[in-house]
Amino acid sequence: MEIENNLPKTFDSEGAENKWYQKWLDGQCFKPRKGKQNKTFTVLMPPPNVTGKLHMGHALDATTQDALIRYKRMKGFETLWIPGTDHAGISTQAVVEKLIYKQEKKTRHDLGREEFLKRVWEWKEQYGSEIVNQQKKMGVSCDWDYSTFTLDEAPNKAVKKFFVMLYNEGLIYQSDYIVNWDPILQSAISDAEVEHKEVKGFFYHLKYKVKEDPTIELIIATTRPETIFADSAVAVNPNDERFKDLIGKTAIVPICNREVPIIGDEHVDIEKGTGCLKVTPGHDFNDFEIGKRNGLPIINILNKDGSFNKNAPEIEGLKPKDARKKVEEILLELGELVEKKDHVHPVGHGERSDEIVEPMVSKQWFVNTTAMAEAAVKAVEDGDMTFFPKGWENTYFAWLRNPKDWCISRQLWWGHQIPVYYCKKCDHQWASEGDPTECIQCKDKDIFQDPDVLDTWFSSGLWPLSTLGWPDEKAMAEKRFEDFYPNSTLITGFDIIFFWVARMMMMGMKVTNKPPFQHVYIHAIVRDKQGRKMSKSLGNGIDPLDMVKQYGADAMRFTLAAGSGYNRDLNLDPERIEGYRNFVNKLWNAFRFVHPFLDKAKDELPVKSEWHLHDKWILAELNTVAKTMNEAMDVYRFDDACSEIYQFVYEKYCSWYIELSKNILYGNDEKAKVIRATMLKYCFRKIVTLLHPIVPFITEEIWGYLENEKSLLAVQEYVEFDPGLENTEVQEMMNKFIELTSGIRNIRSSVNMKPKDEIDVKLFTDDKRLAKFVYESRHFLKDLANVKSGTIRNKASEKPRRSASLATTHTEIFIPLEGIIDLNEQVNRIKKDMEKTQAEYKKVEAKLSNTNFMNNAPEEVRQEVKEKARLFQDKLTSLTQILESFQ
RNA sequence: GGGCGUUUAGCUCAGCUGGGAGAGCGCUACCCUUACAAGGUAGAUGUCGGGGGUUCGAUCCCCUCAACGCCCACCA
């Protein structure tokens with residue numbers, strides 16, 4: 001019979017992507033709507049940088065979040081997924097500065113602050129939404145009306161409100177402090193933005209003379225000889241027998257001949273270096289502390305661009321690298337350099353600029369995080385917020401249990417300007433949420449705002465609050481702050497646990513006393529197939545948009561979801577995307593098979609008494625999958641959810657149920673046809689429903705055919721476990737039936753039979769239920785293994801001799817082919833099977849004859865082992881008899 | 001220096017509270033069988049990093065060694 005099929009042989013992913021995304025938007029599917037759970041579920045998207053281009057990390061973010069939010073939406077939660085973009089102070093400013101310089105050879109200083117900011121905004125309007133369009137290609141189902149930019153009015157209000165709050169509590173303070181100074185950005189950066197890298201350098205040993213006794217020469221080890229101009233002391237350990245008598249005397253710094261005190265400080269390690277330390281409070285973190293303890297002066301020898309200033313006249317204007325050479329030369333001339341040897345040591349680099357950061361003392365704004373960090377730790381300890389996988393809380397704790405004050409000022413222009421004002425007349429300083437025009441103390445109009453902007457993470461940290469309108473009451477009501485705060489789950493990568501997660505926790509709890517989210521799911525970092533980080537310099541990046549174009553968004557998404565469980569790396573090989581594209585196509589073709597019979601199918605399942613054994617089986621299997629998938633999705637095991645449904649579609653639905661349906665659908669029993677068509681359709685509905693959160697496009701496309709586009713799958717109810725569909729007996733029978741069928745195919749293959757060759761099969765089993773099952777399925781064996789005729793009897797019956805045969809633990813299979821087959825080959829095959837089975841039998845036998853095992857193992861386990869032994873024995877008996885038949 | 005993690009089939013990884021080693025991809029043979037060659041059927045492949053211990057029993061728990069990775073740390 002020829003069945004007409006007007007569906008294309010391969011799934012048109014691009015067509016479906018364009019069509020359905022628009023339909024979802026038109027249908028308002030991504031807006032919150034009340035469901036049967038009567039609870040909300042909120043996810044906040046980590047805002048990508050406006051300068052960004054969608055990379056695999058974003059794609060993974062998008063996939064896991066979208067799968068989760070679609071799942072919860074279908075489960076009947078009132079879902080909200082909030083999108084947005086980040087102004088990314090440093091990188092955006094850098095991008096635009098570069099562009100302007102390239103086009104006009106002008107720096108930002110040439111343009112002035114106001115004009116420069118205007119240009120950045122123009123750039124943002126033009127290019128800032130690119131990444132949003134790219135996200136849409138992945139099918140993200142966020143509520144775009146909630147979309148927020150970190151420099152929008154709402155976040156700006158939030159930042160000011162929070163800043164002023166802390167300022168007035170005394171938790172924000174300004175201080176001369178040693179900070180990491182990035183000479184490229186010409187700004188302070190926070191500790192977290194410093195990356196330590198191993199750098200090859202030298203260990204220099206320098207001579208310092210002692211003024212009181214010119215015969216003594218102190219040898220001091222340093223990796224940075226150029227900083228001697230900033231030395232304000234020499235320190236030794238007060239317990240160091242070699243040097244303790246020198247404490248209180250005076251040392252003379254080479255080149256500049258400055259006289260500095262020799263002091264004793266516990267910090268100095270007797271073992272390390274030469275035991276003598278030059279103290280440079282202006283350009284070293286430890287020395288800064290030593291300086292504070294001992295009241296030493298701070299000498300700054302650096303300009304903002306990292307070059308040396310007039311405090312180091314011999315090297316003024318030089319950058320550190322050249323300065324070091326020059327100083328080395330001078331020291332050599334003076335005979336003060338006694339040794340120089342290779343030395344590898346970690347050096348801090350700016351995360352963004354990749355330039356060596358210089359510790360420098362400057363006036364910066366800080367947040368005292370002690371109390372906030374404590375609260376953030378407690379929330380996780382108390383279980384008010386939970387990490388998935390749990391192990392990541394260690395990283396979180398490590399950061400927050402040892403909090404350092406957070407340097408929040410940046411000497412940039414693009415960002416939230418610090419809301420602190422100064423009066424030129426009376427020098428008063430205050431913080432304000434508004435835009436003051438006069439000094440609040442002396443009422444003079446001559447005031448100015450602090451020129452620095454805030455660290456980007458200061459505004460990101462308030463993201464869960466500001467995206468819901470906080471602190472503006474009207475906006476909060478509009479955005480339903482009360483309903484959607486706290487968020488439900490935050491999904492992000494482990495690299496920003498302390499940059500972002502920890503700060504949101506601190507800031508969210510400071511404002512509301514509640515953690516800003518209940519769960520944090522930390523997903524893997526996407527790497528290339530060899531486990532290397534994807535980077536521009538290695539050129540090993542995989543562009544998600546290329547992959548979407550090539551294989552479809554669904555394949556891309558399924559691959560990422562299938563790779564996302566509790567692992568920390570996701571090594572992505574494009575071949576895997578291709579593999580899952582094949583799966584998507586498999587699903588499509590399964591639907592192509594079902595499609596012509598849809599008009600026969602009824603909307604409701606027939607009464608149970610009309611269900612065929614195979615119907616009961618597939619519904620029971622489907623039900624099991626529904627259970628597992630729900631459980632997996634609830635704990636962010638996307639990998640388990642994917643493999644479960646993959647397995648079902650391939651191994652259960654396509655390989656068996658569809659094959660077992662052909663006989664009926666191509667037959668003459670009209671009533672049976674209707675029932676089977678109904679079953680196939682019913683299953684397909686459930687399959688696409690289960691799969692929808694992961695592969696939304698193809699499932700929506702198929703749903704459109706199933707329901708004649710009367711509804712959208714995106715807002716249907718998810719499949720729940722139904723105890724009424726459980727049927728372990730039929731599942732067990734079907735497994736044995738599958739084993740039998742594979743056995744027959746195995747024999748066919750072993751005698752090199754062509755698929756077209758028809759066979760006669762004789763089965764022998766003592767399992768009566770199985771015999772009945774096989775008997776009722778007998779017509780299907782033609783389709784499954786080209787069986788023309790056959791019998792099924794109990795094992796005591798007379799069996800064919802010298803037959804191609806095989807035994808399972810429950811059944812003996814014979815295909816009488818005497819005269820055609822190679823008897824030796826058959827005998828060898830049986831013998832091999834026998835050896836294997838015997839080995840397995842021995843293992844369990846050993847247990848049963850071990851009295852310790854019998855005395856100690858639980859009853860359950862003993863029974864299991866006994867049952868196994870029995871099965872192996874049965875199989876061995878069968879195999880022995882078959883072998884004898886060849887005698 | 002401190003901490004975390006990884007080590008299971010050629011590759012990427014799963015294996016829950018200990019009880020017969022799994023998946024996907026790849027590989028081999030045969031097959032264009034009327035949903036699908038982006039497919040089907042059958043098949044091969046592992047001293048579960050090394051050593052020790054606890055246990056009737058260890059891929060799983062404990063100790064130890066090794067290799068690799070990541071994070072943190074003040075550049076003597």
Side-chain angles (χ1 to χ4, degrees), chain A residues 1-3 5 7 9-11 191 196 199 201 203-205 220-224 227 235 267-269 272-279 283-289 343 345-348 356 358-359 391-392 394-395 398-399 402 494-495 497-498 525 529-531 551 562-563 565 567-573 575-576 578-596 637 639-640 643 646-647 654-655 658 662 666 742 745-746 748-750 752-756 783 785-786 840 843-844 847 850-858 860-862 864-865 868 872:
Chain A
M1 182 192 337
E2 194 61 38
I3 302 285
N5 208 328
L7 298 179
K9 254 185 159 180
T10 50
F11 173 59
D191 291 344
H196 289 270
V199 165
F203 234 142
Y204 299 88
H205 285 191
I220 292 185
T222 179
T223 54
R224 294 194 304 161
T227 62
H267 168 77
V268 179
D269 188 336
K272 213 168 173 180
T274 58
C276 286
L277 182 67
K278 66 194 237 3
V279 184
H283 297 287
D284 184 288
F285 289 91
N286 286 312
D287 294 3
F288 182 78
E289 295 298 326
H343 180 57
H345 57 131
V347 177
I356 294 179
E358 299 292 344
W392 286 114
N394 291 326
T395 305
W399 174 261
N402 185 17
F494 63 76
D495 49 338
I497 286 179
F498 23 76
I525 297 284
K529 68 173 176 180
Q530 292 158 39
Y551 300 117
N567 45 324
R568 55 174 66 202
D569 296 315
L570 197 172
N571 295 355
L572 189 67
D573 182 345
E575 267 186 42
R576 299 181 71 187
E578 189 183 338
Y580 288 123
R581 185 274 315 265
N582 295 352
F583 169 68
V584 169
N585 197 49
K586 179 82 180 178
L587 185 71
W588 177 249
N589 275 292
F591 180 67
R592 279 184 76 226
F593 171 79
V594 174
H595 183 242
R637 288 301 303 249
D639 51 349
D640 288 349
S643 80
Y646 182 101
Q647 204 70 22
C654 290
S655 291
I658 283 185
K662 288 180 178 171
Y666 297 143
S742 298
R745 289 167 173 170
N746 183 315
R748 292 183 63 110
S749 163
S750 81
N752 293 322
M753 259 188 182
K754 301 279 175 231
K756 277 177 190 149
D783 285 328
N786 209 0
E840 283 178 294
K843 263 194 223 165
V844 287
K847 281 192 178 180
N850 179 344
T851 48
N852 280 328
F853 173 78
M854 293 308 279
N855 291 336
N856 292 308
E860 229 181 75
V861 176
R862 286 201 309 255
E864 231 174 85
V865 175
K868 264 182 225 158
F872 287 140

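Residue numbering restarts at 1 for every chain, and letters A, B, ... go by the order of the sequence lines.
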For A/E358, is there an ion pair with A/R224 - N to carboxylate O distance below 4.0 angstrom?
yes
For B/A21 versus B/C30, give the span between their C1' atoms, rounded off to a whole number of Å.
29 Å
Does A/K586 reach a base, just sugar-phosphate, or nothing at all? Heavy atoms under 4.0 Å.
base
Let me know the distance between CG of A/N589 and P of B/G40, rounded to the nearest Å.
10 Å
Does A/K754 make a side-chain N or O approach to OP1 or OP2 of B/U41 shorter than 4.0 Å?
no
Would you mind pulling out the nucleotide paired to B/U47, Watson-Crick or G-U wobble, both distances under 3.5 Å?
none
Just the rounded figure in Å: distance from C1' of B/C13 to CG of A/D640.
12 Å
Between A/I497 (CD1) and B/G3 (P), how many Å, whole number?
19 Å
Under 4.0 Å, heavy atoms only, any strand: does A/N567 hit a base, just the sugar-phosphate, or nothing?
sugar-phosphate
Take atom CZ of A/F494 and atom P of B/C71, then tell me their distance rounded to the nearest Å.
7 Å
For B/A67, the nucleotide meeting Watson-Crick or G-U wobble distances (both under 3.5 Å) is B/U6
Rounded distance (Å) that lies between atom C1' of B/G3 and atom CG of A/N402
12 Å
